[in-house]
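I have placed the structure first, in the form of C-alpha cells, so that the comments after it can refer back to it.
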Amino acid sequence: MSKVDKLEVKVYESETQLAQDVAEITQKYLQHTLKQKNSAAILFATGNSQLQFLNIFTSLNSTSLNKIDWSRITCFHLDEYLGISSDSPASFHHYLYEKIEKKVKPKKFNYIQGDALEPLSECQRYSSLLQAQPIDLCFLGIGTNGHLGFNEPWVADFQDPHMVKLVKLDALNRVQQFKQGHFPSLEEVPQYAFTVTIPMIGAAKKIICLAMGTSKAEIVKQMLYGEVSTNCPASYLRYQDQASLYLDEDAGKLI
Ligand code: GLP
C-alpha cells in the first residue's frame, strides 16, 4: 500500500485477488461499524469494476462465520439514467437489485427513480434520504474520462451545493455504454442522468474506489499525478484520507 497525497493506493496481481481482499476489508469494516452503532449505510457504485467484488462480497455470509447483519444496513446508489425504468436491464436499479438486494436483503435499498415524472423533485427526495443517514461506506469506479458517479469533468464541482443533481452525459461515455452492450443502440443510451455529487461522496466515512483493465491505465495516471482538478474528477480522492484506490496490474501499469 502506498500513498499519493492523502489517498491510499494498492495494486494487485489480478482482479480476483483484488476482489477477494476488498471483500474481506469491507466485511471487517462493516462488522466493526455495526459494533459501534445500531445501523450502517452504504453508497454503492455500478459498472464492470464492481462485478467480481460484489459477487464475492455478497456471498460472504454463506461462506464465512463472521456474518454481516444486513438487516441493519441501508443502501443507496451513486447514479441512474434519466428516463429509464427500474425493470430495464440497462438501469442501475436492475443491476443493484440483481447483484445486491436480491442476494443479501438489506434493511432497505433506496433507489433513485430514473423514470420519475418530476426529475428535480426526485433529486430533492433522494437528497433528503441521504441527508437523514450518514454514509459509512461509499464504493466508486472511475470513468475513462475520470468521472465519479456521473460527475463528468464539465459538471463536477468539488464545492457542489447540491447532494444529487441531473447532468448531461459525455458523448464518449454514451458510446462506451453502447459498446459494452448495455443498450441495443447508441440512440437509446440516455443523454442525461442523476448523480450523487462530489462533496456527498467526500462526506462518506470510508471510500473504496476500484479500477481494472488497461482502458483505465491512462486516467489512473492522470488522477494520481496530474493536477487535482475537475478536469479529472477522480483526482478529488487525493484530498480524502478516508479513501483507498485498489487497482489491478493493468489499471496500475502506468504508475
Ligand atoms: C459508469 C457509472 C459509474 C461507474 C463508472 C466506472 O458509467 N456511471 O458509477 O463507477 O462508470 O465504470 P466501470 O466500473 O465499468 O469501470
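Both counts, for ligands and for their atoms, begin at 1 and track the order of listing. What you see is a predicted model; the values in this text were computed from it and never measured.
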- All side-chain hydrogen bond (donor to acceptor under 3.5 Å, both in side chains) counterparts of D248, not counting sequence neighbours: none

- Task: With sequence neighbours excluded, give me every ring pair (Phe, Tyr, Trp, His ring centres under 6.0 Å) pair touching residues 99-120.
- Result: H77-Y111, H93-Y111, F109-Y111

- Message: Checking Q240 against K6: is there a side-chain donor and acceptor pair closer than 3.5 Å?
- Response: no

- Answer yes when D157 and K165 have at least one side-chain N-carboxylate O distance shorter than 4.0 Å, and no when they do not. no

- For ligand 1, what are the residues with a heavy-atom contact below 4.0 Å? T46, G47, N48, S49, D79, G141, I142, H147, G149, F150, Q177, K216

- Between D5 and L7, is there a donor-acceptor pair closer than 3.5 Å when you use the side chain of the first and the backbone of the second? no

- Item | ring pair (Phe, Tyr, Trp, His ring centres under 6.0 Å) partners of residues 158-185, not counting sequence neighbours, each pair once | Y81-F183, F158-Y236

